[in-house]
Amino acid sequence: MNIAYSGHRPKKLPKEFGYNLDNKYWSEVKNIIKNDIKYLKPDNIYCGMALGFDSIVAEAIIELKKEKYDINFIAGISFEGQENNWVQESKNKYRQYLQFADDIIILNKQYTKSCMFERNKLMIDNADILIAFTDTIEGGTGHAIKLAKSKGIKVYIISPNKIIEKMNNI
């Protein structure tokens with residue numbers, strides 16, 4: 001069984017998430033991902049390697065690998081050098097994440113209008129389950145959800161707004 005993860009970048013999420021992946025909202029998302037992986041015991045996990053949600057997925061996978069969970073981590077990268085315009089800290093983390101990937105698939109030599117959709121297609125074509133982090137069906141995550149549903153793939157949603165509500169009530 002294979003899982004693909006898709007979710008928004010910080011600029012498309014409620015402000016509570018932001019770019020600081022160590023805050024309580026992202027930590028809760030990471031815990032949910034880790035628990036899902038432990039429960040589902042997937043053979044392969046496909047991660048799109050963008051900022052925000054994809055970074056949290058990578059961190060969750062790496063933490064589980066360090067705990068000796070047998071996880072095959074496949075990094076689906078839209079284009080070579082996708083991290084080049086990121087801040088240095090994000091570039092450094094991205095390169096660390098890739099060191100733990102069991103397979104790295106780079107779909108394009110450079111950015112194209114369709115490269116993110118191609119990455120989503122790669123992940124969905126190889127998935128049995130899509131876990132999406134969204135409260136909308138807009139953008140790339142919406143595209144991934146629609147594609148998964150059109151192929152009869154199970155889709156599970158982690159709601160950013162429900163995470164905020166939960167964390168604000170603790």
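Please read all numbers here as calculations on a predicted model, not as lab measurements.
Scored by the side chain to side chain donor-acceptor pair (under 3.5 Å) test, D102 finds K65 as partners (sequence neighbours excluded). Residues passing the ring-ring contact (aromatic ring centres under 6.0 Å, His included) test with Y69: none are found, sequence neighbours excluded. For K68, the salt bridge (charged side-chain N to carboxylate O under 4.0 Å, His left out) criterion is met by no residue, not counting sequence neighbours. Y46 pairs by the ring-ring contact (aromatic ring centres under 6.0 Å, His included) definition with nothing, not counting sequence neighbours. For Y19, there are no ring-ring contact (aromatic ring centres under 6.0 Å, His included) partners at least two apart in sequence or on another chain.
Within the 4.5 Å cutoff, the side chain of I77 has heavy atoms near those of the L98 side chain. Residues P42 and I37 have side chains in contact (heavy-atom distance under 4.5 Å, counting atoms from C-beta outward). The shortest distance between side-chain heavy atoms of M49 and R119 does not fall below 4.5 Å.
Once rounded to the nearest 0.5 Å, the distance linking CH2 of W26 with CG of N20 reads 10.5 Å. Note that CG of D135 and OG1 of T141 are 11.0 Å apart. Values are rounded to the nearest 0.5 Å. Distance CG/N126 to CG/D43: 12.0 Å, rounded to 0.5 Å. The CD1 atom of I131 sits 4.5 Å away from the CD1 atom of I3 when rounded to the nearest 0.5 Å. A distance of 13.0 Å separates NZ of K146 from CG of L130, quoted to the nearest 0.5 Å. With rounding to the nearest 0.5 angstrom, the CZ atom of F53 is 6.5 Å from the OH atom of Y5.
In plain terms, the two heavy atoms of K34 and A60 that are nearest each other are CG-CB, 3.6 Å. The shortest heavy-atom contact between D54 and G7 is OD1-N, 4.2 Å. Contact detail for A58 and C47: the closest heavy-atom pair is N-SG, 4.3 Å. Looking at every heavy atom in both residues, W86 comes nearest to Y94 through CZ3-CD1, 3.5 Å. Minimum interatomic distance between G52 and L21 (heavy atoms only, all atoms of both residues): O-CD2, 4.3 Å. The heavy-atom pair separating H8 from T136 by the smallest distance is NE2-CG2, 3.7 Å.
I145 and M123 end up in different hydrophobic clusters when Ile, Leu, Val, Met, Phe, Trp and Tyr side chains are linked at under 4.5 Å. Under the 4.5 Å side-chain heavy-atom criterion for ILVMFWY residues, a single connected hydrophobic cluster contains both L51 and V29. I33 and L13 end up in the same hydrophobic cluster when Ile, Leu, Val, Met, Phe, Trp and Tyr side chains are linked at under 4.5 Å. The cluster map of Ile, Leu, Val, Met, Phe, Trp and Tyr, joined by side-chain heavy atoms under 4.5 Å apart, puts I157 and V57 in different clusters. Tracing side-chain contacts under 4.5 Å through hydrophobic residues (I, L, V, M, F, W, Y), one never reaches V155 starting from I163; they form parts of separate clusters.
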Q: Please lay out, stage by stage, how K15 and I164 fare under the test side-chain contact (heavy atoms from CB on, under 4.5 Å).
A: CA-CA 10 Å; K15 67 181 180 343; I164 292 168; over 6 Å; no

(Q) Test side chain to side chain donor-acceptor pair (under 3.5 Å) on N92 and Q96; report intermediate values, then the result. (A) CA-CA 6 Å; N92 294 342; Q96 288 173 352; over 6 Å; no

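For CD of E67, the number of neighbouring non-hydrogen atoms (other residues, nucleotides, ligands) closer than 6.0 Å is greater than 12. Atom CD1 of I104 is surrounded by more than 12 heavy atoms from other residues, nucleotides or ligands within 6.0 Å. Within a 6.0 Å sphere centred on NZ of K11, heavy atoms belonging to other residues, nucleotides or ligands number 12 at most. Applying the 6.0 Å contact sphere to CD of Q88 captures more than 12 heavy atoms from other residues, nucleotides or ligands. Taking a 6.0 Å sphere around CG of N85, one finds it holds 12 or fewer heavy atoms contributed by other residues, nucleotides or ligands. The environment of NZ in K149 is sparse: at most 12 heavy-atom neighbours from other residues, nucleotides or ligands sit within 6.0 Å.
A salt bridge between K30 and E63 is present, with a side-chain N of the basic residue lying under 4.0 Å from a carboxylate O of the acidic one. In summary, D70 and K41 do not engage in a salt bridge, as defined by a charged side-chain N under 4.0 Å from a carboxylate O.
Taking the six-membered ring where tryptophan is involved, the planes of F17 and F133 are perpendicular, since the angle between them exceeds 60° and thus also 30°. Between Y111 and F79, the two ring planes are perpendicular [angle over 60°; tilted spans 30° to 60°].
Under the 3.5 Å distance criterion, with hydrogens and angles disregarded, no donor-acceptor pair is assigned to the side chains of E165 and N161.
Screening residues 138-170 for ring pair (Phe, Tyr, Trp, His ring centres under 6.0 Å) gives F117-H143 as the qualifying pairs, with residues at least two apart or on separate chains.
No donor-acceptor pair closer than 3.5 Å links the side chain of K154 to the backbone N or O of D128. Using a distance-only test at 3.5 Å, with no hydrogens or angles considered, a donor-acceptor pair links the side chain of S150 to the main chain of L147.
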